[in-house]
Amino acid sequence: DRPCEVIRIVSRDGLRFSYIVWIDESSKLPLRVDLLDRDGETLEQFRVISFTVGDQVTAAMSSLAQLTLPPLLKLPTTDKVDFSWRTSWLPQGFKEVSRSRRTLPTLSEPVESRLYSDGLFSFTVNISSAASGAAVSEQFLRQGRRTIHTETRNNVDITVVGELPPATAKRVANSIVL
């Protein structure tokens, strides 16, 4: 029961999900965030049940500044890997953030991955050799904000995993130039 400002973040092109955010007028804290699909259906919701703002919180948190924390882990540097494939289409605003090649325990061939982000949403494109005798197929699964789209083309498995509507994930997979 607090006055809030309501902000709608709408995907005009339908290639991303949309948000509705309720922001407390006095503290400016988000009290509710709804993630919506293109039909306006709620995929996920974040709600604040209770919160405290004031000097007592500052005093309680000040002890954290005195803690001696372990050193940050440093990630080993990796060589920039070159791939023989590329995406010919990405939703506007997305760019490649990282890429890697790794071998998974269940596969003998390495999996090549590229991570893309627009700063709010992200997804990966994974390329691996298809299992011998694999039929040309296409599958997708959506659970909340996550979509997994897999297709087999030219004896290669293409999998797009991330925070995209299914139609956008399919369009990204179809744009892969092998």
Side-chain angles (χ1 to χ4, degrees), residues 1-81 87 89-102 104-105 111-126 140-150 159-173:
D1 295 335
R2 297 183 58 94
C4 291
E5 296 176 22
V6 179
I7 299 171
R8 289 183 62 102
I9 303 168
V10 178
S11 172
R12 290 185 181 189
D13 57 11
L15 300 174
R16 294 173 180 74
F17 296 124
S18 299
Y19 279 101
I20 301 177
V21 183
W22 284 258
I23 300 176
D24 182 69
E25 285 186 356
S26 61
S27 69
K28 305 302 183 201
L29 293 171
L31 299 182
R32 178 175 161 181
V33 180
D34 289 356
L35 179 71
L36 309 172
D37 67 8
R38 67 175 6 164
D39 298 324
E41 297 294 322
T42 302
L43 297 174
E44 288 184 1
Q45 186 177 85
F46 162 83
R47 281 189 181 196
V48 173
I49 305 301
S50 172
F51 73 99
T52 304
V53 176
D55 295 335
Q56 66 217 31
V57 175
T58 304
M61 299 297 282
S62 66
S63 64
L64 293 177
Q66 314 301 327
L67 291 177
T68 303
L69 299 174
L72 294 176
L73 294 177
K74 291 187 179 182
L75 295 175
T77 59
T78 57
D79 297 330
K80 179 109 171 157
V81 290
T87 52
W89 180 85
L90 292 172
Q92 185 177 358
F94 278 87
K95 58 185 172 186
E96 184 178 325
V97 175
S98 68
R99 63 174 68 179
S100 66
R101 181 181 291 127
R102 63 191 178 284
L104 300 178
V111 175
E112 298 178 345
S113 299
R114 293 184 189 201
L115 171 65
Y116 298 92
S117 180
D118 68 352
L120 188 57
F121 298 106
S122 63
F123 66 92
T124 60
V125 176
N126 303 293
F140 89 91
L141 169 72
R142 188 183 94 188
Q143 185 174 22
R145 70 172 50 210
R146 296 254 187 269
T147 297
I148 301 172
H149 176 90
T150 301
T159 305
V160 178
V161 180
E163 302 161 327
L164 296 171
T168 306
K170 177 180 173 56
R171 189 168 172 191
V172 169

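Environment of OH in Tyr19: crowded, with over 12 heavy atoms of neighbouring residues, nucleotides or ligands closer than 6.0 Å. Atom CG of Asp13 has more than 12 neighbouring heavy atoms from other residues, nucleotides or ligands inside a 6.0 Å radius. Under a cut-off of 6.0 angstrom, the local environment of NZ in Lys95 is sparse, with at most 12 non-hydrogen atoms contributed by other residues, nucleotides or ligands. Heavy-atom neighbours of Arg38 CZ from other residues, nucleotides or ligands within 6.0 Å: at or below the threshold of 12. The number of heavy-atom neighbours closer than 6.0 Å to CD of Glu25, taken from other residues, nucleotides and ligands shown, is above 12. Residue Leu69 qualifies as enclosed at atom CG: its count of foreign heavy atoms under 6.0 Å is above 12.
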Side-chain donor-acceptor distances from residues 119-126 under 3.5 Å, at least two apart:
unit_1, atom_1, unit_2, atom_2, d
Thr124, OG1, Asn126, ND2, 3.4
Asn126, OD1, Ser113, OG, 2.4

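Using modelled atom types, one side-chain atom of Asp37 and one backbone atom of Asp39 make a donor-acceptor pair closer than 3.5 Å. No donor-acceptor distance shorter than 3.5 angstrom exists from the side chain of Ser98 to the backbone of Leu115, with no hydrogens or angles considered. Of the possible polar contacts, none joining the Arg114 side chain to the Glu96 backbone as a donor-acceptor pair under 3.5 Å is found.
Contact of the Ile148 side chain with the Thr159 side chain is registered, since non-hydrogen atoms from C-beta on lie closer than 4.5 Å. For the pair Glu44 and Phe17, the minimum side-chain heavy-atom distance is 4.5 Å or more. The shortest side-chain heavy-atom distance between Leu43 and Arg142 falls under the 4.5 Å cut-off.
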